[in-house]
There are 2 protein chains.
Amino acid sequence: MGDPLRVLPAGTSRPDLKEPEPRRALRGRAADCYHPRPGEHQEAGIKGMRVKRPTSFDIAELAGVSQSTVSRALRNDAMVSEDTRQRVAQAARLLNYKVDVNARNLRSQKTNTLALLLYEDPVTSQSLINPFFLSMLSSITKASARRGYDLLISFQQSSDDWSADYAASKRADGLIFLGYGDYLRYVDKISRLDEVSTAFVTWGPVVPGQPGHFIGSDNVHGAREGVRHLIARGRRRIAFLGDISEHCPEFRDRYRGYVEALGEAGLPVIEALYADAAASEEVGHQAILDLIDREGPIDAVFGACDLLAIGAMNGLRERSLRVPEDVAVVGFDDIVAAPFTSPPLTTLRQDTAAAGELLVENLLRLIEGRPIETTQIATSLVVRGSCGGL
Amino acid sequence: MGDPLRVLPAGTSRPDLKEPEPRRALRGRAADCYHPRPGEHQEAGIKGMRVKRPTSFDIAELAGVSQSTVSRALRNDAMVSEDTRQRVAQAARLLNYKVDVNARNLRSQKTNTLALLLYEDPVTSQSLINPFFLSMLSSITKASARRGYDLLISFQQSSDDWSADYAASKRADGLIFLGYGDYLRYVDKISRLDEVSTAFVTWGPVVPGQPGHFIGSDNVHGAREGVRHLIARGRRRIAFLGDISEHCPEFRDRYRGYVEALGEAGLPVIEALYADAAASEEVGHQAILDLIDREGPIDAVFGACDLLAIGAMNGLRERSLRVPEDVAVVGFDDIVAAPFTSPPLTTLRQDTAAAGELLVENLLRLIEGRPIETTQIATSLVVRGSCGGL
DNA sequence: AACACTTCTGAAACCAGTTTCAATGCATAT
DNA sequence: ATATGCATTGAAACTGGTTTCAGAAGTGTT
């Protein structure tokens, strides 16, 4: 088969250019100094001898078309004949051509990149070691990759190093906020994003008045299911562990679910069985000790997160109370450690795969101006040993 | 105080430009259609009415200098007077100017971005839920942020979706590879990176012949320390759990440490006390059962990773063997679950903070052509309950 | 006073693509 | 045969910075 790349289409080699054409001439020179062959990268390692990357002009020359046609062909623009597209594709493959995303982004005013801002809890610094975020991360990465988007990631430590600049400096088309518990401290900055019309989504509880951007698990429903499960197994004095101040809107929702489940069953909500506790093992440990010493026997604990539930189990063991015989325990999150505790922890799994998918989906909807439909993710009860059998 | 921005320096308003100057004229127009005032973002939300971002030309006009001077001033280029720098900075602040990184990258041929490629173990898919990687991720992010680099992240699932294109398409200046256990399957592709002179570093065991790029914990030393600790507590029949085939070079190194510690103490290496096991709780569980049933009593287990050690503890409990009284257990990694097992797991902590720092540091050294010095990170023994007291 | 040497600045080239616009060729409608 | 329409294509404008180059202003030397 003859080389189709050498067959120049009629009308291409027009000889009627007489004037110097300074701009074009300079651009064209790039092509002249590039002599690539597949597999001849030997000099690449030699310092300062780096071979020049091929540009779309090189592809154009090789394929016998104009540079703009190369651009169209490689983007599968509609207005290119199948024959041309093939020739360009082959030339690009031959020279091992890769678009320069900076040039592309500059002109098209699009980056095809999302930025993920991960906020640490400045108090506990727990969010970073919370495996929950690794699976969120994984699913977000995959969801954006599947849609052809790159993902920039940034761990935010204080509210000072604010990274809305990711959008302002055209590094990313949209932002994803992720954080555990108290993220309201940066919401004031988030609201400013609306003013500069920067697309963003946030993981966490739905904030009233801005439903579209805020995506989270159905915490109320999940907690209700967990507490129902305890009640169905005959537990009556069920303690709730978790900070329900405005710092932890998610925990507050889970407390609502707890209250609702009790109400359904006609059980009283005993104020004294609530223990304020930040999300960490140590805090949960101490909180349950205080609660038992103060209020006497309980027969179950609902932890607003797994770390609290695990801390509670350790505290119970310290008071020689057996889990689940004496006290049943249910957590929330289903972190990796959950199946490894003894007994294994019954908990409400947050569907991180669906969550990541929804965050990205909704962010792209915002970017493209399409309407948002779903904003909540269902949780599922994972029954293990700590709640007293199936 | 008068507005310094209006004081044009002499010689700036030169009136001797008569010719049309097509290029400049078009560029200048951008400045004319932008009328910003701090806090007047009202129209920003209205569709299609988006206010045009300020460019460096706008800053130049406001500051009464040329656009190239603006560029220099904002980058703290040496060749700008303090007075000019101040004026430019003030103008930029006033218009809330942010550089367009795409334009910057395009011209400077630098992205100020690193790409992190996280590989899943296709067999166990464990690496994603392994909290070890979250802390690696966190430290890598922080290390690159500290140096002014953005971080692109990508979870690689199969060896097919190869992302050297991150560098080829000028998205990133360098690559960081992260993966658990068997990553040799993509090393053939990694070696190709050298050919195209793409800077990269890899987390894992040092691969002979390419010392500079490969960074990892001192696995031999760490394992030796752990096994020494067991020996010092009187243990003699110490099992080793872990796959030491070429698929897991790290485990292989840890096995070497195990053998060395035994040798130092004059203990024989009993072939039968080695159990091949991939990195997961289930596999460790089964492996220890088989080993006990086959070889009879042991008094200690060294797990090549924490998940294996945890699995082993569960298996031992199933055979009614007490940890640490009957069998002492030591793991490797120090994952978050480690302190929550019962008894809490003694293990070798990998210093992820130092590791992330070193990966980024070395990658930048490669990018800038500076020599690399360190390639190994020390581990530290974390003594908890599972090894039989301090 | 003439000269060299910095230090600072502006004009224009440059990076490598996308997008606009006008032109071409060809098929179909009149 | 001519007008109309459409699919393709190329030339040139355009994106918003950085970098080169040359010139101006100011200082020090002889």
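Because the structure is predicted, anything quoted here is derived from the model rather than measured. Naming convention: chains lettered A, B, ... in sequence-line order (proteins, then strands); numbering from 1 in each chain.
Applying the 4.0 Å criterion to OP1 and OP2 of C/dG10, one finds that B/Thr69 has a side-chain N or O inside that range. Contact check, A/Ser71 against C/dA16: no side-chain N or O comes under 4.0 Å of OP1 or OP2. In this model, the phosphate group of D/dT9 is approached by a side-chain N or O of A/Thr84 to a distance below 4.0 Å at OP1 or OP2. Side-chain nitrogen and oxygen atoms of B/Gln67 include none within less than 4.0 Å of the OP1 or OP2 phosphate oxygen of C/dA12. Distances shown here put a side-chain N or O of B/Ser56 below 4.0 Å from the OP1 or OP2 atom of D/dG17. Residue A/Gln109 places none of its side-chain N or O atoms closer than 4.0 Å to OP1 or OP2 of D/dC14. The shortest distance between the side-chain N/O atoms of A/Ser108 and the OP1/OP2 oxygens of C/dT18 is not below 4.0 Å.
Between A/Arg147 and A/Glu357, at least one side-chain nitrogen of the basic residue sits less than 4.0 Å from a carboxylate oxygen of the acidic one, meeting the salt-bridge criterion. A salt bridge is absent between B/Arg146 and B/Glu361; no separation between the charged side-chain nitrogens and carboxylate oxygens falls under 4.0 Å.
The side-chain heavy atoms of A/Tyr149 and A/Val360, taken from C-beta on, include no pair separated by under 4.5 Å. Between B/Leu178 and B/Ile140 the shortest side-chain heavy-atom distance falls below 4.5 Å.
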Nucleotide N/O of nucleotides 20-23 of chain C paired with protein N/O under 3.5 Å:
from: C/dT20; atom 1: O4; to: A/Arg72; atom 2: NH1; distance (Å): 3.2

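Residue contacts shown for A/Val101 are absent, as no nucleic acid heavy atom lies under 4.0 Å away. As judged by a 4.0 angstrom heavy-atom cut-off over every strand, B/Val70 is placed among residues making no nucleic acid contact.
Nucleotide C/dT19 holds its P atom 14 Å from the CG atom of A/Leu74, rounded to whole Å. Rounded to whole Å, atom P of D/dG17 lies 12 Å from atom CG of B/Asn105. Atom C1' of nucleotide C/dG25 and atom CG of A/Asp83 are separated by 15 Å, given to the nearest angstrom. The CG-P distance, from A/Asp58 to C/dA16, rounds to 9 Å in whole Å. For the pair B/Lys110 NZ and C/dA16 P, the interatomic distance rounds to 17 Å; values are reported in whole Å. Taking atom CZ of B/Arg75 as the reference point, atom P of D/dG16 lies 17 Å away to the nearest angstrom. Atom-to-atom, CG of B/Asn102 to C1' of C/dG17 comes out at 11 Å; the value is rounded to the nearest Å. Between the NZ atom of A/Lys170 and the C1' atom of D/dG16 there is a distance of 7 Å, rounded to whole Å.
Consecutive pairing runs in DNA chain C reach the stem threshold at C:1-30 with D:1-30, where a stem means at least three Watson-Crick or G-U wobble pairs with distances under 3.5 Å.
Of all heavy-atom pairs between A/Tyr97 and A/Ser56, the closest is CE1-N, 3.6 Å. For B/Ala92 against B/Leu74, the heavy-atom pair with the smallest separation is CB-CD2, 4.2 Å. Taking every heavy atom of both residues into account, B/Ala63 and B/Ala91 meet most closely at CB-CB, 4.0 Å.
The side chain of A/Asp100 has C/dA16 as its nearest neighbour among C/dC8, D/dT9, C/dA16.
Counting only residues at least two apart or on different chains, the salt bridge (charged side-chain N to carboxylate O under 4.0 Å, His left out) pairs with a member in residues 99-113 of chain A are A/Asp100-B/Lys170, A/Lys110-A/Asp173.
Interatomic distance, OH of A/Tyr166 versus OG1 of A/Thr111, reported as 12.5 Å (0.5 Å rounding).
Comparing A/Met79 and B/Arg104, the nucleotide of DNA chain D nearest to each residue sits closer to the 5' end for A/Met79.
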key: Criterion side-chain hydrogen bond (donor to acceptor under 3.5 Å, both in side chains) on B/Gln86 and B/Glu82, from CA distance to verdict   = CA-CA 6 Å; B/Gln86 297 271 341; B/Glu82 191 50 34; 3.0 Å; yes
